Enquirer: 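Dropping the structure in here first, questions after.
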Amino acid sequence: MVHLFRTSLGVMALAAASVGLGGGAQAANGPFLAHQALYDLSLVKSRSNSVNSARGRILYNFTGNACEGYTSEFRQVSELDSGEGKVTLSDLRSNSWEDASGKSYRFKIETRMNQTDAGRVDGSAERDGDHINVKLKLPAPKTFKLDGKIVFPTEQIQRIIAAAKDGKSLLELSVYDGSDDGQKVYNTLTVIGQPVAPDRATSTDPSTSDEHMKSLKRWPVTVSYFDREAQQKEGEQTPVYAMAFELYENGVSRQLVLDYNDFVISGAMGKFDVKDSKPCN
């Protein structure tokens, strides 16, 4: 179960999306909000009865524009109680930058488990023609190439929004985000539901009451993450985890749900503040 709190940046990337991560293609998708958001995490259910409780918070900051690229700062502090006095406390921090065209991506990730440094990842990736060059500094110096069809996290969200606007219900993408030891690639399947009208009754949170959001439609979205290497070796089709949320047309989302097969965590938006952002010159 500990993987919930040290798991891939893929979870963080989509969690970031769930509080308003913007992608490229400004002309196609409109402006994305610079903001700060806070999520309160709690246990929805434990299918294996191996988790008694879970709680925590995600704090997310997003800034940038299509000229300068997009910067995100993410922190997740979580506590997982598996019973009989077994409590795992984790502190996950991430800083990343991606240019608006999806060509460059930089990332730093730090994970602490029970007050002990459990690992760091530091690297960058550059798109070059039909491949991507990845250079890692941590956990160990290494360079390698990836298929050029793979996308980075911000472009992933941009493509989900574009697909939703085009009326598509399915989207398959391979995503690289610096996960685990910096070498993980995920195959993803995104299921996009029917659009929700702005005036449709719904539970409220700080995003639904914000003036920037009231006139916007949204889509229910579920993204399942599959281990690409395991699929290639074993034909495995069971997702490592799945994330569901409502995605607004300006990139902001709400009602985060993380499904880790054995148990499910929800993230309720507790705070949402729009920041001033510089126009793209």
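Everything quoted here is computed from the prediction, not taken from an experiment.
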Enquirer: Say whether, by atom type as modelled, one donor and one acceptor occur between the side chain of Tyr105 and the main chain of Asp177 under 3.5 angstrom.
Expert: yes
Enquirer: Taking Asp99 for the side chain and Gly102 for the main chain, is one N or O donor matched with an acceptor at less than 3.5 Å?
Expert: yes
Enquirer: Which atom pair, heavy atoms only, marks the closest approach of Tyr39 to Gly267?
Expert: CE2-O, 2.8 Å
Enquirer: Do Phe62 and His35 come close enough that some side-chain heavy atom pair is under 4.5 Å?
Expert: yes
Enquirer: Would you check, one step at a time, whether the test salt bridge (Lys or Arg N to Asp or Glu O under 4.0 Å) holds for Asp205 with Arg254?
Expert: CA-CA 8 Å; Asp205 61 32; Arg254 60 188 296 273; 3.1 Å; yes
Enquirer: Applying side-chain contact (heavy atoms from CB on, under 4.5 Å) to Met243 and Val257, what does each step give before you reach the verdict?
Expert: CA-CA 6 Å; Met243 174 177 282; Val257 178; over 6 Å; no
Enquirer: Under a 4.0 Å N-O cut-off, is there an ion pair linking Asp273 with Lys271?
Expert: yes
Enquirer: When you look at NZ of Lys275, are more than 12 heavy atoms from neighbouring residues, nucleotides or ligands closer to it than 6.0 Å?
Expert: yes
Enquirer: Would a 4.5 Å heavy-atom cut-off, applied to side chains only, mark Ile192 and Leu170 as touching?
Expert: no
Enquirer: Let me confirm one number: the CG-OH distance from Asp210 to Tyr248, rounded to the nearest 0.5 Å.
Expert: 9.5 Å
Enquirer: Listing request: all ring-ring contact (aromatic ring centres under 6.0 Å, His included) pairs with a residue in residues 108-146, at least two apart in sequence or in separate chains.
Expert: none
Enquirer: Between Val223 and Gln156, is the side-chain contact (heavy atoms from CB on, under 4.5 Å) condition met? List the steps.
Expert: CA-CA 11 Å; Val223 185; Gln156 177 190 13; 4.0 Å; yes
Enquirer: Would you please say whether a donor-acceptor pair under 3.5 Å links the side chains of Thr71 and Thr63?
Expert: no
Enquirer: Which distance, rounded to the nearest 0.5 Å, do you find between the OG of Ser224 and the OH of Tyr186?
Expert: 12.5 Å
Enquirer: Salt bridge (Lys or Arg N to Asp or Glu O under 4.0 Å) between Asp166 and Arg159: does it pass, once the steps are laid out?
Expert: CA-CA 10 Å; Asp166 287 343; Arg159 291 200 186 189; over 6 Å; no
Enquirer: If we ignore hydrogens and angles and just use 3.5 Å, is the side chain of Asp81 paired with the main-chain N or O of Arg55 as donor and acceptor?
Expert: no
Enquirer: Mind checking whether Leu59 and Phe74 have side chains closer than 4.5 Å, heavy atoms only?
Expert: no
Enquirer: Give me the ring orientation class for Tyr225 and Tyr241: parallel if the planes are under 30° apart, tilted from 30 to 60°, perpendicular past 60°.
Expert: parallel
Enquirer: Could you state whether Val51 and Val264 fall into the same hydrophobic cluster, counting links through intermediate Ile, Leu, Val, Met, Phe, Trp or Tyr residues with side-chain heavy atoms under 4.5 angstrom apart?
Expert: no
Enquirer: Please confirm whether the backbone N or O of Tyr60 pairs with a side-chain atom of Arg75, one donor and one acceptor, at under 3.5 Å?
Expert: no
Enquirer: If you measure only the distance, is there a donor-acceptor pair under 3.5 Å linking the side chains of Asn133 and Glu126?
Expert: no
Enquirer: From Leu80 CG over to Leu89 CG, what is the distance, rounded to the nearest 0.5 angstrom?
Expert: 10.5 Å
Enquirer: If the condition is side-chain hydrogen bond (donor to acceptor under 3.5 Å, both in side chains), which residues does Lys142 pass it with, not counting sequence neighbours?
Expert: Gln183
Enquirer: Could you tell me the separation between the CZ atom of Arg127 and the OG atom of Ser101, rounded to the nearest 0.5 Å?
Expert: 8.5 Å
Enquirer: Charged N to carboxylate O under 4.0 angstrom, Glu110 versus Arg93?
Expert: no
Enquirer: Going by the rule side-chain hydrogen bond (donor to acceptor under 3.5 Å, both in side chains), which residues pair with Lys217 if we only count those two or more places apart in sequence or in a different chain?
Expert: none
Enquirer: Using the rule that Ile, Leu, Val, Met, Phe, Trp and Tyr join whenever any side-chain heavy atoms are under 4.5 Å apart, tell me whether Leu216 and Val274 fall into a single cluster.
Expert: yes
Enquirer: How close do Val185 and Ser174 get, heavy atom to heavy atom, and via which atoms?
Expert: CG1-CB, 4.4 Å
Enquirer: Among Lys165, Gln194, Glu246, exactly one meets side-chain contact (heavy atoms from CB on, under 4.5 Å) together with Trp219. Which residue is that?
Expert: Lys165
Enquirer: Hey, are Thr116 and Asn114 close enough side-chain-wise for a donor-acceptor pair under 3.5 Å?
Expert: no
Enquirer: Check for a donor-acceptor pair, side chain of Glu79 on one end and backbone N or O of Gly56 on the other, with a separation under 3.5 Å.
Expert: no
Enquirer: Do Leu173 and Ile157 belong together in a cluster built from hydrophobic side chains that touch within less than 4.5 Å?
Expert: yes
Enquirer: If we ignore hydrogens and angles and just use 3.5 Å, is the side chain of Asp227 paired with the main-chain N or O of Glu229 as donor and acceptor?
Expert: yes
Enquirer: Quick one: do Leu43 and Leu41 end up in the same hydrophobic cluster if we chain Ile, Leu, Val, Met, Phe, Trp and Tyr together by side-chain heavy atoms under 4.5 Å apart?
Expert: yes
Enquirer: Please determine if Asp40 and Arg57 form a salt bridge, counting it only when a charged side-chain N lies under 4.0 Å from a carboxylate O.
Expert: yes
Enquirer: Can you tell me how far CH2 of Trp97 sits from OG1 of Thr154, rounded to the nearest 0.5 angstrom?
Expert: 10.0 Å
